[in-house]
Each structure stands twice: as structure tokens, then as C-alpha cells.
Amino acid sequence: MSDQPEAAAPHTHEKREHWSGQTAFILAAIGSAVGLGNIWRFPGEAYDNGGGAFMIPYVVALLTAGIPILFLENAIGHRFRGSSPLAMRRVHRRAEGVGWFHVAICFVIGLYYTAVIAWALSYFFFSFTLAYKDDPAGFFTGEYLQLGEAGTVSLSFVPHVLIPLAAIWIITIVVLALGLHNGVERLNVIGIPLLVVTFGILVVRALTLPGAADGIDALFTPDFSALTDPNVWIAAYGQIFFSLSLAYGVMLTYASYRRRRSNITSPGLVIAFGNSSFEVLAGIGVFATVGFLAHQQDVPVAELDGLAGPILSFVTFPAVIAQMPGGPLFGALFFGSLVVAGLTSLISVMQTISAALQDKFGLHPRGSAVAVGVVSAVLSVIGFGTTTGLYLLDVVDQWSNQLGIVAGAIAMIAAALWFGGRSRELQRHLSAVSTLKLGTWWLVLVNAVSVLLIYMFATKAVSLARDGYEGYPTSYLAIFGWGTAAFLLAAALVMPWLRWRRDIVHFRPWPTRQQLGLPPGRDDAPVERSTP
């Protein structure tokens, strides 16, 4: 097999779904980026890494890594018009595996992310009766999840989890089956404004609670000495990277559904700043509420536990809700917001898988939705609907997020810019279709970020291999942690060997007017070229 780029075939324009407009694309992309991590990860990261001072590396990371990588994914998706495997295959014939690596990450994330949404759906209904009010921690781990022994595998299913988990999968399959416009787009057009309004109400209510100011002070009081700690900067880059849904094919796939003459960079800025704005809003709401809990217990905020992750949402917040006036309504709004935020993000990762199967095997959206949804639902129920589901979720999330996504980003940059030699082509494409013209600075930033990503990956891999994770047995981590990494790698190696449905990998991108020797147009946007 030659390493040389494939000979260009006559330009064909295969039928592909499109967003109805720019607003629909922006809402869908924000829906993917704004998820559970915005609500429970950012506040904890900021609080643990310098408080208000954390905003300095956070903004630097947004400008130097988040936005440049977001532009890169959008450029690849729009220029090469395909799902992640197809677009990467068109970037370079040997890069298809990178796309399947992205798809495999989405597959793994979808399995456990659905479980968390199911928990939130259960708690939405629990909030009306405050079923958790007597002992929030005991209710979550005992009565609700019925947790077994850590580091073990159980097939004892939990009905409280099983029923909402099945409901979420049914909703997901239906949305995917309805297609891009009638399913994915409509969900986000309705869900994202609803999420913003609902969470805005929560924040306003939280700010009126006694002790709210103490919580806000705890979050935003700066500790500038933290800025000298390299780990704080790594945490900021990690937060930006993970919260923007970068490097697992989602933004690349969503960009592939944009029409030919579509502004790419300006919507990218809206998506990036919109996501970060929601994170800050979530931080304010969460810590105002935490401040109320500290006030009720007459302790400083620093002495409270469970200020990040699932414990924040399913133990700390229920404890607050049980003590505040109007708790049932506040609880229903909070957990309803979690369901909406989680569902829009879940749909984006599942659409990434569905799009790849449609391109590779010629499946209809309905067939692809059923195939992906049923297989995922069965595995999700077996793995995360049991008494040991929380432990499995913890381990699989650590390896897929902390290692898989970073590796996917490094591979994407290497394939597109280093080995594929597409740097200038992608830069010119973005400038041709966008109001913001990108200079060499964009390529410099992307390549600089790749060095940081390599360092992050190596550091985390060594740490997990040497120290393990959270005290889990070595054998458990080998099977479900490193086994997850092995699955991602296997997908990247095996899937490219399967035959494409038809000869769509031969591709000639839209040429620019300059490439065709035509006078500069109004925006020098790519133009169609007739088949020779």
C-alpha cells in the first residue's frame, strides 16, 4: 500500500444531510459542549486550583488551545465533508484509523454517560417527594444504587436504575432515527434555550439563599500562588479540552453537515465562549448553593466534602435541596437541567457513531440508530445497571477521558498537519469561508498545543501504570481500564480493513476560485466544479 496521496477522482457531490441554518448548528454544537461536566467538573476544578486565579490559565487555555483545536476540527469536517473516519481517510489514506479511534471513544462514553443521565432522571422524580432528604449519601449509594463491593463485577441489576436507563436509550434511538434535521437539530433547538432559562432560574434562586455570598467568595477568591504550579495550568487546559467536546469526532462530524458557503470561525467563537459562559454560570450557581449548605451546618465552605463529580450532584445538592425553602421545585429544576444537558451531549456522541456507520456501510439513519442504539443499550444495561455500575463507570471514564481523548487529539493533529500535509490547505479553507481570516499564528498554536497534549498523555499514562487508580485492584484496572484503551486501539486498527459501501473515499474537495484561476469572488469561497 503506497503512502502517496490517492489520485483525485472526478468531483462527485454525494447527498448529505445539512443543518437548516447557522443557528441550528451553533445550538447543536453548544448542546454537545454543555454537558454534565460543565455543571459538576468546572466548579470543583476552579475551587481546587486557585479559585479566582484559576480563571487566568482557564482563559489562556481557551484562547491558545480550545479555539484553535475547535477550528481545526471544524475545518477538517467542512473541507472533507464526512464522518470522522471518512474525513480522516480523505485527509490521508492511512488516517482512517484515527477517525475510528474517535468513534470508539464516543461508543465507550455513550455507554456510561447514559447511566448518569438515568440517575438524574430518577432524582428528578425523587425531588417531588424529597425521597433522599433524611440521608442523601446513604440514599444514593445504598437505597438507590445498592452499591456492591468496589473492584468486583456483579450481574445483580438495580430496577431503580434499569428503568430510567432503558427510557433514556429509547429516547436516544428515536432522536437518532428521526435524522439530523427532525431529530438531533430539533432536540437542541428546544433543549438548549430551555436549559439556559431553567439553569438561569436556579442561579438566581441560589443567589438569594443565606450564605450564598460565602460560597461565591470561596470559589472566586484568588490564590495567585497557584499560578506557579504547572499542574494548575494542565488542569485548565484539560478542562477546556474536555468541556468543548474536542478530539472525539463530534465537532468534526457536526461541521460536515454545514452547507458549502458557511462561516466557520465566527460560529466557532460563539460556541467556545458560550460553553465557557455556561461553565462560569454553573460555578456561580453551584457555589452559591454550597455556601447555603455551609451556612446551615455552621461550617466554612472549605470543610465541606463532595464539591465535584457525581457526589456533588447526587449527594451534596440533595442535602441542600432537603434544607432549603421550595426544595422540591429547586430539585426538579436542577435535575431536569442535568437531564437536558446530558441528553444533548449524549445525542452528539451517538450521532458521531451513527454518521460513521452510515458512511462506511450505507445505512439509513433509522437502521444506523437501531443498530447503534440496541447494541449500546444492551452493553450499557449489563455494565452500568448493576450494583457495581458506579465503580465501572469511574474506571472506564478515567481511561477514556484522561487517556483516550488526549491520544485522539494528538493523532488527529499528527494525521492532518504533520503526515497529511494539510496545514496550509485547511488554513486557506477556513479563511476562504469565514469572516475571521486565520494567519500562521493558528498553525503555530495548534502545533504548540500538541506538545502539551503529548506531555499530558505521557504523564497520565505513567501515573496510571505506576500508581493505579483510587485503590482499585490491579486486575480490575487491567481488565476495565487498560482494556478500554485496548478496545480503542483495536477499533482504530481493525475498522479500516472493512470495505466501504461505495467508492466515496476518492474525493476532490471544493476548489477555491484562486485554485481555478478565477478572479477573486466576494468571499473567495470554494466553488463547485463540473465533472470533467
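- The aromatic ring centroids of Tyr123 and Tyr132 lie less than 6.0 Å from each other.
- Across all non-hydrogen atoms, the minimal contact from Phe107 to Ser376 is CE1-OG, 3.3 Å.
- Distance alone, capped at 3.5 Å, is enough to place a donor-acceptor pair between the Lys360 side chain and the Met495 backbone.
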With a 3.5 Å cut-off and sequence neighbours excluded, list the donor-acceptor pairs that the side chains of residues 168-181 form with protein atoms.
unit_1	atom_1	unit_2	atom_2	d
Trp169	NE1	Ser380	OG	3.3
Thr172	OG1	Ile168	O	2.9
His181	ND1	Glu185	OE1	3.4
His181	ND1	Glu185	OE2	3.3

Using a 3.5 Å cut-off and no angle test, enumerate the donor-acceptor pairs between side-chain atoms of residues 404-413 and protein atoms at least two apart in sequence or in another chain.
none

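- Looking at every heavy atom in both residues, Phe480 comes nearest to Thr484 through O-OG1, 2.6 Å.
- The heavy-atom pair separating Pro164 from Ala118 by the smallest distance is CB-O, 3.6 Å.
- Residues meeting the side chain to side chain donor-acceptor pair (under 3.5 Å) test with Thr289, sequence neighbours left out: none.
- Atom CZ of Phe128 is surrounded by more than 12 heavy atoms from other residues, nucleotides or ligands within 6.0 Å.
- In this structure the side chain of Met456 never reaches within 4.5 angstrom of the side chain of Thr459, judged on heavy atoms.
- Distance alone, capped at 3.5 Å, places no donor-acceptor pair between the Ser354 side chain and the Met350 backbone.
- Closest of all the heavy-atom pairs between Ile382 and Phe157 is CA-CE2, 3.9 Å.
- Under a cut-off of 6.0 angstrom, the local environment of NZ in Lys460 is crowded, with over 12 non-hydrogen atoms contributed by other residues, nucleotides or ligands.
- Taken from CZ in Arg89 to CG in Asp359, the straight-line distance is 13.0 Å, to the nearest 0.5 Å.
- A donor-acceptor pair shorter than 3.5 Å can be found between the side chains of Asp394 and Tyr472.
- In this structure, Tyr254 has its ring center under 6.0 Å from that of Trp19.
- To the nearest 0.5 Å, atom CD of residue Gln398 and atom OH of residue Tyr469 are 4.0 Å apart.
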Could you pull out every donor-acceptor pair under 3.5 Å between side chains of residues 312-330 and any protein atom, sequence neighbours left out?
unit_1	atom_1	unit_2	atom_2	d
Thr316	OG1	Gly306	O	2.6
Gln323	NE2	Ala319	O	3.4

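- For Ser337, there are no side chain to side chain donor-acceptor pair (under 3.5 Å) partners two or more places apart in sequence or in a different chain.
- The backbone N or O of Ala247 sits less than 3.5 Å from a side-chain atom of Glu73, completing a donor-acceptor pair.
- Partners of Val494 by side chain to side chain contact (heavy atoms under 4.5 Å, CB included), not counting sequence neighbours: none found.
- Legend: ring-ring contact (aromatic ring centres under 6.0 Å, His included) pairs involving residues 370-399, not counting sequence neighbours, sorted by first then second residue: Trp399-Trp482.
- Looking at every heavy atom in both residues, Leu392 comes nearest to Gly383 through CD2-O, 3.4 Å.
- Side chain of Thr198 to main chain of Leu195: no donor-acceptor pair is present (N/O by atom type, distance under 3.5 Å, no hydrogens or angles).
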**OP:** Kindly indicate, with the supporting measurements, whether the criterion ring-ring contact (aromatic ring centres under 6.0 Å, His included) is fulfilled by Phe361 and Trp500.
**Re:** CA-CA 6 Å; Phe361 303 113; Trp500 287 88; 8.1 Å; no
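- Applying the side chain to side chain contact (heavy atoms under 4.5 Å, CB included) rule to Asp229 yields the partners Asn231, Val232; only residues at least two apart in sequence or on another chain are considered.
- Partners of Thr129 by side chain to side chain donor-acceptor pair (under 3.5 Å), not counting sequence neighbours: none found.
- No donor-acceptor pair under 3.5 Å is formed between the side chain of Asn49 and the backbone N or O of Ala46.
- One finds the CD1 atom of Ile454 at 5.5 Å from the OG atom of Ser450 (value rounded to the nearest 0.5 Å).
- Side-chain atoms of Thr387 and Ser154 form a donor-acceptor pair, as typed in the model, at a separation below 3.5 Å.
- Pairing each heavy atom of Leu244 with each of Gly66, the nearest pair is CD1-CA, 3.8 Å.
- We find the CD1-OG distance between Ile109 and Ser345 to be 10.0 Å, quoted to the nearest 0.5 Å.
- With ring centers used as reference points, Phe278 lies under 6.0 Å from Phe199.
- Annotation: the span from Arg81 atom CZ to Ser256 atom OG amounts to 10.0 Å, rounded to 0.5 Å.
- With no hydrogens or angles considered, a side-chain donor-acceptor pair links Gln239 and Glu279 at under 3.5 Å.
- For Trp100, the side chain to side chain donor-acceptor pair (under 3.5 Å) criterion is met by Glu96, not counting sequence neighbours.
- Using a 4.5 Å heavy-atom threshold, the side chains of Thr352 and His102 count as separate.
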Original post:
Do Phe42 and Phe54 pass the side chain to side chain contact (heavy atoms under 4.5 Å, CB included) test, and can you show the C-alpha distance, the side-chain angles, and the key distance before you say yes or no?
Top reply: CA-CA 10 Å; Phe42 171 78; Phe54 181 74; 4.2 Å; yes
Original post:
Between Thr152 and Tyr476, does a side chain to side chain donor-acceptor pair (under 3.5 Å) hold up when you go through it step by step?
Top reply: CA-CA 7 Å; Thr152 62; Tyr476 189 83; over 6 Å; no
Identify each donor-acceptor pair in which a side-chain atom of residues 134-145 lies under 3.5 Å from a protein atom, sequence neighbours left out, and give them as a table.
unit_1	atom_1	unit_2	atom_2	d
Asp135	OD1	Gly138	N	3.2
Thr141	OG1	Ala137	O	3.0
Tyr144	OH	Ser122	OG	2.8

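- For the pair Val396/Val108, a side-chain contact is recorded, criterion being any heavy-atom separation below 4.5 Å from C-beta on.
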Subject >> side chain to side chain contact (heavy atoms under 4.5 Å, CB included) between Cys106 and Ile353, intermediate numbers included >> reply: CA-CA 7 Å; Cys106 288; Ile353 306 170; 3.8 Å; yes
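- Take Ala414 and apply the side chain to side chain contact (heavy atoms under 4.5 Å, CB included) test, not counting sequence neighbours, and it matches Trp418, Phe419.
- Formation of a donor-acceptor pair under 3.5 Å by the Asn74 side chain with backbone atoms of Leu70 is found in this model.
- If you take CE on Met88 and CZ on Phe101, they are separated by 12.5 Å, rounding to the nearest 0.5 Å.
- Two residues are said to be in side-chain contact when any heavy atoms from C-beta on lie closer than 4.5 Å; Leu147 and Leu390 meet this criterion.
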**OP:** Begin with the C-alpha distance, continue with both residues' side-chain angles, and end with the deciding distance and a verdict on side chain to side chain contact (heavy atoms under 4.5 Å, CB included) for Leu165 and Thr114.
**Re:** CA-CA 7 Å; Leu165 186 57; Thr114 315; 3.7 Å; yes
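- Put simply, the side chain of Thr344 gets close to the backbone of Gly31: a donor and an acceptor are under 3.5 Å apart.
- A donor-acceptor pair shorter than 3.5 Å can be found between the side chains of Ser32 and Ser348.
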